[in-house]
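Notes for the one structure printed next.
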Amino acid sequence: MKAIIKGFDVVNKLVGYIVGTMLMVMSVLVIVQIISRFVVDVPIHWTEELARYLMIYTVFLGAALALRHHKLIAVEVLAETIKPKPRKILKIAVMLITIVFMVILTVKGFEMMPIVSKQTSSAMGMPMSMAYMAIPIGAILMIMNAIVVIMEFLTNEHVETSEAARELKAIEQQEKGEQL
């Protein structure tokens, strides 16, 4: 199982590079758009549209990475008040519900492709299916990462996912170090 987790982490590393590149390109496009519109007074219309589509992909791909690293926003009040074993079961149940939702999102995303492929974007003239493809791609990556998180819960004795628990553990270790 650890080899599978490492394999998925390699894919996530690649996705991270893609997201970073998209953010860089998006930033350059926005700067070019501002300069062309307000300095040169000759706006380049496709830059705004491409930056928008890059932002959509960045959100969907980045959400998959955030899921893998336990960085998505979550209300952890209930999970932090129960013992470790039931907490692990609760978190696995949450991941299973996430997988079900992402499967639905994937199916609906692919069902939408033939409908939106008939449309083209206004400035670049690209098929809108390219923009909407971010939905199933991101959902598939989130399914993959949710499975990896479940595998991690099952193979490791203690997996800490909340920021509060990590901070409390760090403070506890620091206090132990000061007592020595």
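Because the structure is predicted, anything quoted here is derived from the model rather than measured. Residue indices begin at 1 and follow the sequence shown.
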Okay, side chain of [X], backbone of [Y]: is any donor-acceptor separation there less than 3.5 Å?
X	Y	result
Arg87	Ile82	yes
Glu49	Met124	yes
Ser121	Met126	yes

Which atom of [X] lies closest to which atom of [Y], heavy atoms considered:
X	Y	answer
Ala146	Leu67	N-CD2, 3.6 Å
Ser36	Ile44	OG-N, 3.4 Å
Ala64	Asn145	O-ND2, 2.9 Å
Trp46	Ala123	CA-CB, 3.9 Å
Ile135	Met112	CD1-CE, 3.6 Å
Ala51	Leu29	N-CD1, 4.0 Å

Exercise. Does the side-chain contact (heavy atoms from CB on, under 4.5 Å) test come out yes or no for Leu61 and Met22, once each step is laid out?
Worked result: CA-CA 10 Å; Leu61 298 178; Met22 286 179 168; 4.2 Å; yes
Problem set entry | Note: Glu152-Arg68 ion pair, threshold 4.0 Å (strictly below) | yes
For this session: Start with the C-alpha gap between His70 and Lys91, add the side-chain angles, then the distance that decides, and say whether side-chain contact (heavy atoms from CB on, under 4.5 Å) holds.
Result: CA-CA 11 Å; His70 309 287; Lys91 291 190 182 241; over 6 Å; no
Exercise. Does the pair Tyr132 and Ile56 meet the rule for a side-chain contact (heavy atoms from CB on, under 4.5 Å), with working shown?
Worked result: CA-CA 9 Å; Tyr132 279 84; Ile56 292 167; over 6 Å; no
Exercise. Is there a side-chain contact between Leu14 and Val10 (heavy atoms, below 4.5 Å)?
Worked result: no
For this session: Compare all side-chain heavy atoms of Met133 with those of Phe110 and state whether any distance is below 4.5 angstrom.
Result: yes
For this session: Report yes or no: do Leu50 and Leu23 belong to one cluster of Ile/Leu/Val/Met/Phe/Trp/Tyr joined by side chain heavy-atom distances under 4.5 Å?
Result: yes
Exercise. Does the side-chain contact (heavy atoms from CB on, under 4.5 Å) test come out yes or no for Val149 and Thr98, once each step is laid out?
Worked result: CA-CA 11 Å; Val149 168; Thr98 300; over 6 Å; no
Gap separating the [atom1] atom of [X] from the [atom2] atom of [Y], nearest 0.5 angstrom:
X	Y	atom1	atom2	result
Ile35	Gln33	CD1	CD	10.5 Å
Met142	Leu105	CE	CG	9.0 Å
Leu54	Thr47	CG	OG1	11.0 Å
Ile5	Ile150	CD1	CD1	11.0 Å
Leu90	Lys83	CG	NZ	15.5 Å
Met95	Ile147	CE	CD1	11.5 Å

Exercise. Is the number of heavy atoms from other residues, nucleotides or ligands under 6.0 Å of Met130 CE greater than 12?
Worked result: no
